[in-house]
Protein chains: 2
Amino acid sequence: MNEPSVDRIHSALRIEGERFFIIDQTLLPFKVEFLEIKGSRDAAAAIQEMKVRGAPMIAVTAAQALYLEMKSAVENGTVKNTDDFLSKLKETADFLNSTRPTAVNLSNAMRQIVKDVELMARNGSGCEENDLLEKTKQASEQIKQSDIQTCRQIGELGASLIPHNARLLTHCNTGALATAGIGTAIGAFYTANNQGKDITVFAGETRPLLQGARLTAWELDSSGIRTVLFTDNMAAYIMKTEKIDLVMVGADRIAANGDTANKIGTLGLAILALHYNIPFYVCAPTTTLDAGTASGEDIIIENRHPDEVRYLRGNLITAQNIPVINPAFDVTPAGLITSIVLETGIYSRPYSFS
Amino acid sequence: MNEPSVDRIHSALRIEGERFFIIDQTLLPFKVEFLEIKGSRDAAAAIQEMKVRGAPMIAVTAAQALYLEMKSAVENGTVKNTDDFLSKLKETADFLNSTRPTAVNLSNAMRQIVKDVELMARNGSGCEENDLLEKTKQASEQIKQSDIQTCRQIGELGASLIPHNARLLTHCNTGALATAGIGTAIGAFYTANNQGKDITVFAGETRPLLQGARLTAWELDSSGIRTVLFTDNMAAYIMKTEKIDLVMVGADRIAANGDTANKIGTLGLAILALHYNIPFYVCAPTTTLDAGTASGEDIIIENRHPDEVRYLRGNLITAQNIPVINPAFDVTPAGLITSIVLETGIYSRPYSFS
């Protein structure tokens, strides 16, 4: 079996013993610089400034930071017993969870770790803060390992939808830089490529922060996959003239009915794909599912600072103080999505993931 | 009657006696710098480098340059008689016409001037190069005056489609910087604004060269019209959430069947507008009509240098040498266009302009 090798791929993280580093993605592809995450404050800043991004990778970073924060607290004696531990764990998880509102993987990861540790505290007689810390470590590590395994499975399933000589269109970055593994939609591209399918990926640059131009084009090109970069407004032209076989993107939150929040621009691509009768696939881990949200109408869309649109790499690109709209995400209705690829299978309308 | 005052609006050109200057639009909005066009070589460079742009304004610039080129030739004695004059006039018109392939106003203007001068040469007994030069001047001036008048008429007709408190979406720049007058689609916005309609314009930034961010947002904001800038991939989100009343754009070439070439991204907006049931209007002078081209399939799309996508204001925004696609225009099928506003009237499907 040709399993994609993550070694050939730029990873978003580096582990040294118990030290945890992330690539500062705001500097890519011009500088590959790792940033140490020592605790929750480092993680929150890195997430908010989008030095680390991608719904799964945000969750992995927060999980590791949660453990490191608890480790410091136990080591420096501010946490002395089980009650202290649980109280600080929940507080820190809540703080990390508040860093970005739209992606749900983050809150799912925080909830999972707190649940695992609480369960141990409730069941284990005489268990101390050191035991709970060990449990936090395991639960955090589990988030990461599970993400790696999940990416592999999504990659396999996603690749099964990709024909030989496929011409693929994608948006934003859903690769090794967005996850702890090979990625979701881009994971499927890596897998198809390793299966010997000769693929070409058309990558939208993804304004305002250019994750497509800075991350996806660089990541795919570095790993030897034929990549063509385009500005987002060329998508219709490309669908019309470049014989695109399918569109494949990631997700930040999938509501119970299949409505999907993803990077701004995804909704437009889905509408264009429908117009040109091109299949439109969403690839994501089950941690992106939000069963508690009935439909996309209930998903909170993060609005980011206008200067992200007004400036590019520190340079003003418009008249100063021009009013700007800057939603980080949009919601694609389930009706526009051909299939959703989770690690558990390929789902079609009407969506029901249970 | 509240006619829009061009004085309040940044004009793309300046005339001093017989000297002709254009704003260097590649420097806007950071620097307002005028560049003198002394002849055809200056004009060709300015057009190719997009220091002057907008289909009507390109035609006006080439017309003025054609006259100035002929004036120099007559003055320095390289053109000594009627035959010399006609030969150089045609050669220069052809040269100017070759600078950009997609917009048709340019070739219509060159053809018109050559035709007027040839007619005089054929009919006028004993007419000399100085008479032909005077005719060239008149014909060039006529292109400019006609553009100003045409913009006014398009503005009136376009404004009749704009309701009170309208929320409008546009693309690229079709204003005073794209024409010798108040513009086409933006001319309609100026006119509606002067009629006391309280309008809000959502302006797409228009990658790669950011005419929306650099020119439209600046031009509209400077003239007191409420403007919201967005990155091109936000268009679907805005149509879905911002109660857009209509989309209004310009055109670079309109085929006989109504298929319309315009700035890359227009096609996508038309498909999104159809999806959201929002009227989609094209505003253009009749000089944009190309009766000789049956449909959009026959329109040649200019592909520009990949570095326009790879770099922004001199800064690389992706990995160097990433393959790039960079069509300057796309073609919107007539079926997606609600109406086409020319100075002669508002046309609807099936389009027939004769």
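Here the structure is a predicted model, which is why all the values come from computation and not from measurement. Both backbone and side-chain heavy atoms feed into the values below; hydrogens, waters and symmetry mates do not.
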Among A/Trp218, A/Phe230, A/Tyr237, which has the most heavy-atom pairs under 4.5 Å with chain B?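 The residue among A/Trp218, A/Phe230, A/Tyr237 with the greatest pair count is A/Tyr237.
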Among A/Ala213, A/Ala270, A/Gly268, who wins on heavy-atom pairs under 4.5 Å with chain B?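 The candidate making the most pairs under 4.5 Å is A/Ala213.
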Which bit of A/Ile264 comes within less than 4.5 Å of chain B, counting heavy atoms only: side chain, backbone, both or neither? both
Value rounded to 0.5 Å, distance of [atom1] in [X] from [atom2] in [Y]:
X        : Y        : atom1 : atom2 : answer
B/Asp221 : A/Ile322 : CG    : CD1   : 3.5 Å
A/Leu272 : B/His275 : CG    : NE2   : 10.0 Å
A/Asn233 : B/Thr206 : CG    : OG1   : 7.0 Å
A/Asn326 : B/Thr231 : CG    : OG1   : 7.0 Å
B/Arg207 : A/Leu312 : CZ    : CG    : 7.0 Å

[Y] side chain reached by [X] side chain, heavy atoms, under 4.5 Å:
X        : Y        : result
A/Tyr276 : B/Ile271 : yes
B/Asp330 : A/Met234 : no
A/Val228 : B/Val324 : no

Atom of A/Thr318, atom of B/Phe30 and distance for their closest heavy-atom approach: O-CE2, 3.6 Å
If every non-hydrogen atom of B/Ala319 is compared with every non-hydrogen atom of A/Pro29, which pair is closest and at what distance?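 Of all heavy-atom pairs spanning B/Ala319 and A/Pro29, the closest is N-CG, 3.6 Å.
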Atom CD of residue position A/Glu297 - does it have more than 12 heavy atoms of other residues, nucleotides or ligands inside 6.0 Å? no
Take atom CD1 in B/Ile300; do more than 12 heavy atoms of anything else shown fall under 6.0 Å from it? no
Between [options], the one whose heavy-atom pairs under 4.5 Å with chain A are most numerous:
options                                : value
B/Leu316, B/Ile301, B/Thr227           : B/Leu316
B/Thr266, B/Thr216, B/Leu269, B/Asp232 : B/Asp232
B/Gly265, B/Gly204, B/Pro323           : B/Pro323

Is chain A contacted by the side chain of [X], its backbone, both, or neither, given a heavy-atom distance below 4.5 Å?
X        : answer
B/Ala235 : neither
B/Gln320 : neither
B/Ile325 : both
B/Lys240 : side chain
B/Asn321 : neither
B/Ile238 : side chain
B/Leu336 : side chain
B/Ile317 : both

